[in-house]
Number of protein chains: 2
Amino acid sequence: MAKNTIRNMEEFAALSGISRPTVSKYFNDPESVRTSTRKRIEEALEKYEYRPNMFAINQNRKLTKNLGIVVPYLADPFFAELARNIEQRCIAAGFRPTLYSSHGDQELENDILDSLRSLKPAGVLLAPLGRTSDRAIVEKFCADIPTVIFDSFLPDMGFAFVGSDNWQFARLIVEYLCRTGEPPSFLEMKTPSNPNANRRRKGYIEAMERLGHEPQIVKVDGEGWEFEEIGRREGGKALAAGLFKSNTILCSNDRLAIGFLAACFEQKIRVGRDPDCQIRVAGHDDHPFSRFTCPPLTTIAQDYDAISRCAVETLFKAIEGSENKHETTLFEGKLVMRDSA
Amino acid sequence: MAKNTIRNMEEFAALSGISRPTVSKYFNDPESVRTSTRKRIEEALEKYEYRPNMFAINQNRKLTKNLGIVVPYLADPFFAELARNIEQRCIAAGFRPTLYSSHGDQELENDILDSLRSLKPAGVLLAPLGRTSDRAIVEKFCADIPTVIFDSFLPDMGFAFVGSDNWQFARLIVEYLCRTGEPPSFLEMKTPSNPNANRRRKGYIEAMERLGHEPQIVKVDGEGWEFEEIGRREGGKALAAGLFKSNTILCSNDRLAIGFLAACFEQKIRVGRDPDCQIRVAGHDDHPFSRFTCPPLTTIAQDYDAISRCAVETLFKAIEGSENKHETTLFEGKLVMRDSA
DNA sequence: CCCAAAACTTTGCGCGCGTAAAATTTTAGT
DNA sequence: ACTAAAATTTTACGCGCGCAAAGTTTTGGG
């Protein structure tokens, strides 16, 4: 009732019969005031619907409750899902996360970091563009603000790195593919946006050699983040040109694989494990759409949950002031066997 | 060089030899100061790397430069793409947009609107959850803050609504399908999250009747926003049970269609226009992944660009104080013929 | 019932900037 | 060179809250 427009904490404190500093204390930590006081404040809160002014709060606090979450490309459901997961954890911990996407653009990434500074965030969870990131700017940012890098590794930056063990990914899938059919060829972009690609390629080579097979890498043209289109168009060209020595194609990531599956379909090449199929296709990531491709894509699943949990927990440690040790935490992937390979 | 830590505008003004109020004026609108003055400020700006404190700025301004962008489900690339488009336009106009996703959750949508309030945004672009939105809360929000609703219509709310002409969508695709084969059955969820679904259904019925065909609607179970899975599992059940009277299935949206295509594949039913295909499938939206399904999905393309442009322009009008007229702007879709129908 | 500790209130300052009014300087036009 | 207009500087206040210090009340044991 009587939701008279309360202008500030002063007024609200008066109406609830508590002093302003105590009310202020309550908002910073409800547990820090006596139970009876808390009750009175909360009663008044329902009655008058007052909320402290964000800007006035943060102006004077040394450390805000703001967090930044930055991903390289939000139109990729993989990052959207990861971001969602991280966001929820931050909120649960009482922070106010803000989500940003670099949209695959270096300038935009720089701008985001820049405007993030002015938010005086307590910390930032950054999945950098990777290869196309402006190293100097990212490094400077990490030096000023507690930052946990995730997904995409950048050497010697931030408080810590949390990601996937891409070597293990490649090993796992290569072993599976070799065990169940021809050793795979590897399909990737010439200049991959994501540095994980490098580790996956190397992991592939190592695994192949260890098993006594000769690795074959097919690099296709294509810039940017439209992986599906690159997989379809350029992967399709490679396929039509007979560039793949194996009937089994391991793609650097699921989005590339999704596009490649489309190319196979266009060329009427049947994909799968059945005897009447000509080719097998596998990917990396367990992209949200991978189970809906035709055939469903066999892939290595990133541990979304573990990565987001670890990234957030590590950031909290950083915020609490632990020593910066450039720790790296990698999570293993799990083989997701579907019908494509 | 000598990037001494400048604490505030006072210091920066002193260093650049300009008075603080003039510097303040410059930051609010660089064009509002004399050219010579602007030059001196900008020189100092490069030299000392000062940026005004966001919180102090917004504390005193009646109108901030903040904008809110809210979408119901960011892990859907359709919304991610739309959000990206809108975001860029806002930045270009000198605003600071912040992106939020309700993740399909009413409570979260309410929380977002609530915390958006405390940002004192100049305006908000809101794609509500729709059916599951808390009408009262959204309405109250719109009354307080200039808001343009987009994608999902809510009656009598906000400054204006911008979306797609879903009736026209259905008409267009039904006419095409009838012209080129059997009149379609319509596949949708029993309780669709998105209110566009209702208009699409009605548009379908109307178009069918006008062409002298009997409409058939197949409603499948399923809650939430995991449309692909619902399309695959429940759509697949309906397919196996022979519930579709037609060999042509029009899906309420592309994500449902993507899942349904997976179900067709599972049941070894060939989809497409070729003589050897048993079924045709079409969708609505031109989802970013629709061109990579197998076969590529025939659909009606939403005009992402027109919608985002119109929504942003309309919001700017609202911010400038035009009268609230509850205008509705709908954009037509374009038929995207691919191989699935 | 007394006392120390804990919680609270009072007082008062400061944060960094917006903004208004009045005084001053610069600009542009003649 | 003179003058009105425009731009800038000076001056001064306020925004809403954090925060620290000092005084007051409440709490919990003994």
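Chain letters run A, B, ... following the sequence lines, proteins first, then strands; residues in each count from 1. Note that the coordinates shown come from a computational prediction; the quantities given were computed from them, not determined experimentally.
- Side chain of A:Thr22, nearest nucleotide from D:dT8, D:dT9, C:dT9: C:dT9.
- Between A:Phe12 and A:Tyr50, the ring planes lie parallel to each other; the angle is under 30°, not in the 30° to 60° tilted range.
- Taking atom NZ of A:Lys120 as the reference point, atom P of C:dC15 lies 13 Å away to the nearest angstrom.
- Using a 4.0 Å cut-off between charged side-chain N and carboxylate O, A:Asp305 and A:Arg89 make a salt bridge.
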**Study point:** Sequence-aligned protein contact record of nucleotides 16-24 of chain D, with B where the base is within under 4.0 Å of a protein heavy atom and S where only the sugar-phosphate is
**Key:** BBBB-----
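- Rounding to whole angstrom units, NZ of residue B:Lys65 and P of C:dC17 are separated by 18 Å.
- In summary, the aromatic rings of A:Phe78 and A:Tyr73 are positioned with their centroids too far apart to meet the 6.0 Å limit.
- Taking the six-membered ring where tryptophan is involved, the planes of B:Phe153 and B:Phe161 are perpendicular, since the angle between them exceeds 60° and thus also 30°.
- Taking each heavy atom of A:Ser115 and A:Ser118 in turn, the nearest pair found is O-OG, 2.8 Å.
- Look at CZ on B:Arg34: it is 17 Å from P on D:dA5, rounded to the nearest Å.
- Note on B:Ser36: nothing from the nucleic acid sits closer than 4.0 angstrom, heavy atoms only.
- Salt bridge annotation for A:Arg84-A:Glu87: absent, with no cationic side-chain nitrogen under 4.0 angstrom from a carboxylate oxygen.
- If you take NZ of A:Lys39 and C1' of C:dC8, they are 19 Å apart, rounded to a whole angstrom.
- Between the CD1 atom of B:Ile6 and the P atom of C:dG16 there is a distance of 13 Å, given to the nearest Å.
- Between the CD1 atom of B:Ile18 and the P atom of C:dC17 there is a distance of 16 Å, rounded to whole Å.
- Rounded to whole Å, the distance from CD on B:Glu11 to C1' on C:dC15 is 13 Å.
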